[in-house]
2 protein chains.
Amino acid sequence: MKKYAVNNAPLYLRVKDVLLEAIRSGEIVVDGRLLSEETLTKQFNVSRATIRSALQLLEKDGIISKRHGSGTIVNTEGLQVKIRIDEFKGFFELIRESGHTPSIGEKKLLEVQLEKKICDVLDLDNGSKGLLLQRLFWGDGKPLIYAKEYIPFSILRERPTIEEVPESIFELADSYCTDPVSYSITEISSTIADKKLKQLMELPGNETLIRLEEIHYSRVNQPLMYSDILVRDSIIRFHAVRIRK
Amino acid sequence: MKKYAVNNAPLYLRVKDVLLEAIRSGEIVVDGRLLSEETLTKQFNVSRATIRSALQLLEKDGIISKRHGSGTIVNTEGLQVKIRIDEFKGFFELIRESGHTPSIGEKKLLEVQLEKKICDVLDLDNGSKGLLLQRLFWGDGKPLIYAKEYIPFSILRERPTIEEVPESIFELADSYCTDPVSYSITEISSTIADKKLKQLMELPGNETLIRLEEIHYSRVNQPLMYSDILVRDSIIRFHAVRIRK
DNA sequence: AAGTGGTCTAGACCACGTT
DNA sequence: ACGTGGTCTAGACCACTTG
């Protein structure tokens, strides 16, 4: 019955994927405009609500824009954008989507006394101890991202060895902490490297960096971990797409 | 009938506003958890779809998280975040939400030959001319944002005087250009000011800046205008909230 | 087993733009 | 006047989490 009912994902997600393909191929686009919801409803043999869910996702991604009374149009430029700052996932993916081949350049797992600033934001007693995971990520052998992640002992169920540390800190929390990460808040700023970092990241002269400071929270709003991430924005470019309504 | 049917906005938006207030006041929160959708449906006397639309908006803003089978919880920290990089609007609002009183420090409207780089991104013949709107925005009398916006003559219906220029470039397009802005793509990078800018923005020593380069597109994907915005991120902090699903 | 959010449908009516 | 997207409802069933 359902023309596109193939796998187990929710219908609206499958519809979204098919729509995206059909948009790219131009199959359902006429003069830059999408076929009407009504028409798509018939073509896909799903309810209008399902079509609208799928379109909503595409709109959120900046791929289409809707106009009340007029129609839905394809944002050819939005279609190209890869790295959205509001939804970055792993470091490897970041590097890969920037067109480079990712690898890990250096990895350290240290037991440290957490700096006052970090204790403050993580709501810990001053002088608390924890793990510091320091990693340098490469793209095509060049250092692109330097990440320091602080994990207080107070939330560790079990201590991972350096080999066991997964790429994503979220997975680390899943496996080794008392609670998983529910949401994260990132502060975005700019900075310039000091001598040590300049050497470590092989930075030329005056290159500035994007800094992402993240606090990761549990379901019950407990601050769990802190990440301090430096990104060579000359190579890894973050984007934001804003649809004007 | 409708308990909250007061004004003309769509029901789900009004419900969202009321929900937000009720969350802040703790009225519909028990132990950090929201009342169930079923319960809210009855309390608001609206359909579940409407409640879910409202909750979806709150979730997008990082204010709540939903857990299948478990419930909806309040992200107390997400509730605080003000400046989201993926949805910034006007410069004044940006400054105001950073806790400062906005004003315009300097404003220039020049007729210029557009640089090659700008002609390229705007898909113009090299050497095309246009307007350059240069503005310095203050917070409490200190320079916080320096914005250069390029508007090629080819899209201008009528030429605004410097007094007529609205705060937002979107409104400028509405009033003076052939087409309104439909969507914008922003590139985020870091930079360090040159001597002139350092003086203009009264920057101390080595302060770096966040740079936002925006291309504004029409409904039909024509690049209309280009914005080059420098922000003192030591004072204006951008944020991103990511909900982990 | 009970309660919660997730998905999906069918149908109705409204509001906006275009012709 | 017509076609488009926007809103809203009522109801059904599913999938996950928790006791």
Side-chain angles (χ1 to χ4, degrees), chain A residues 1-5 7-17 19 28-60 64-74 179-180 182 219-220 243-245, chain B residues 1-17 19 28-60 64-74 174 179-180 182 219-220 243-245:
Chain A
M1 221 58 51
K2 302 277 159 52
K3 198 169 168 190
Y4 292 101
N7 63 35
N8 292 322
L11 187 52
Y12 70 100
L13 287 181
R14 301 189 322 251
V15 169
K16 179 204 149 191
D17 289 341
L19 277 173
I28 56 173
V29 184
V30 181
D31 269 342
R33 282 173 70 248
L34 226 62
L35 301 185
S36 74
E37 295 182 351
E38 166 92 27
T39 310
L40 293 174
T41 293
K42 283 174 190 154
Q43 278 202 14
F44 281 76
N45 193 25
V46 300
S47 75
R48 191 164 158 226
T50 298
I51 286 287
R52 283 180 61 79
S53 289
L55 290 177
Q56 194 176 39
L57 293 177
L58 295 176
E59 193 180 20
K60 184 179 76 60
I64 58 173
S65 294
K66 296 172 149 205
R67 300 269 149 182
H68 191 179
S70 164
T72 302
I73 48 193
V74 180
D179 287 294
S182 175
R219 271 190 259 99
V220 293
I243 305 290
R244 191 176 175 216
K245 291 306 285 188
Chain B
M1 220 60 50
K2 303 278 160 49
K3 202 172 166 187
Y4 292 100
V6 262
N7 62 36
N8 292 321
L11 186 53
Y12 71 99
L13 287 180
R14 301 189 323 251
V15 169
K16 179 204 150 192
D17 289 340
L19 278 173
I28 55 173
V29 184
V30 180
D31 270 341
R33 283 174 68 248
L34 225 62
L35 302 184
S36 74
E37 295 182 351
E38 166 93 26
T39 310
L40 293 174
T41 292
K42 283 176 192 152
Q43 277 200 14
F44 282 75
N45 192 27
V46 298
S47 74
R48 189 163 159 228
T50 299
I51 285 288
R52 282 179 62 81
S53 289
L55 290 176
Q56 194 176 39
L57 293 177
L58 295 175
E59 192 179 21
K60 184 180 75 64
I64 57 171
S65 295
K66 296 173 148 206
R67 301 268 148 181
H68 192 181
S70 165
T72 301
I73 48 193
V74 179
D174 290 342
D179 287 294
S182 175
R219 271 187 258 102
V220 293
I243 305 290
R244 191 175 176 218
K245 292 301 289 190

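Within every chain, numbering begins at 1; the chains are lettered A, B, ... in the order of the sequence lines, protein sequences first and strands thereafter.
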* Asked: How long is the line joining CD1 of B:I73 and C1' of D:dT17, in whole Å?
  -> 13 Å
* Only one of A:L11, A:L58, A:I51, A:T50 passes side chain to side chain contact (heavy atoms under 4.5 Å, CB included) with A:K16; say which it is. => A:L58
* **Any residue meeting side-chain hydrogen bond (donor to acceptor under 3.5 Å, both in side chains) with B:S65, in chain and number order, not counting sequence neighbours** => B:N75
* Asked: How long is the gap from CG on A:D31 to CD1 on A:I73, to the nearest 0.5 Å?
  -> 12.0 Å
* Asked: Atom CZ of A:R33 to atom C1' of D:dG5: distance rounded to whole Å?
  -> 11 Å
* Ignoring backbone atoms, establish whether A:T50 has a side-chain N or O less than 4.0 Å from OP1 or OP2 of C:dT9. => yes
* Is B:R48 touching bases, backbone alone, or none of the nucleic acid, heavy atoms closer than 4.0 Å? -> base
* Structure fact -> For nucleotides 14-19 of chain C, 5' to 3', base contacts (B), sugar-phosphate-only contacts (S) and non-contacts (-) with protein non-hydrogen atoms under 4.0 Å give -BBS--
* Please determine if a side-chain N or O atom of B:S36 lies less than 4.0 Å away from the OP1 or OP2 oxygen of C:dG3. => no
* C:dC8 C1' sits how many Å from B:E37 CD, rounded? -> 15 Å
* Structure fact -> With the side chain defined as heavy atoms from C-beta on, B:K66 is closest, among D:dG5, D:dA10, C:dG6, to C:dG6
* Asked: Taking the side chain of A:L11 as its heavy atoms from C-beta onward, which of D:dA10, C:dC8, C:dG6 lies nearest to it?
  -> C:dC8
* Distance in angstrom units between A:E38 CD and D:dT7 C1', rounded -> 16 Å
* Between D:dA15 atom C1' and B:R67 atom CZ, what is the distance in whole Å? -> 16 Å
* Structure fact -> Closest to the side chain of B:T72, out of D:dT9, C:dG5, C:dT9, is C:dG5
* Asked: Who pairs with A:E38 by side-chain contact (heavy atoms from CB on, under 4.5 Å), at least two apart in sequence or on another chain?
  -> A:S36, A:K42
* Set of side-chain hydrogen bond (donor to acceptor under 3.5 Å, both in side chains) partners for B:E59, sequence neighbours left out -> B:K245
* **A:Y12, nearest nucleotide to its side chain (from C:dT7, D:dG6, D:dT7)** => C:dT7
* **Pairing residues for B:D174 by the side-chain hydrogen bond (donor to acceptor under 3.5 Å, both in side chains) criterion, not counting sequence neighbours** => A:R244
* For the side chain of A:R52, starting at C-beta, report the closest nucleotide among C:dG6, D:dT7, C:dA10. => D:dT7
* Asked: Please give, in whole Å, the distance from C:dT7 P to A:I51 CD1?
  -> 16 Å
* To do: Mind calculating the distance between CG (B:L13) and P (D:dG6) to the nearest angstrom?
  => 13 Å
* Can you list the residues that meet the side-chain hydrogen bond (donor to acceptor under 3.5 Å, both in side chains) rule with B:T41, with sequence neighbours excluded? -> none
* Asked: Between A:L40 (CG) and D:dG5 (C1'), how many Å, whole number?
  -> 12 Å
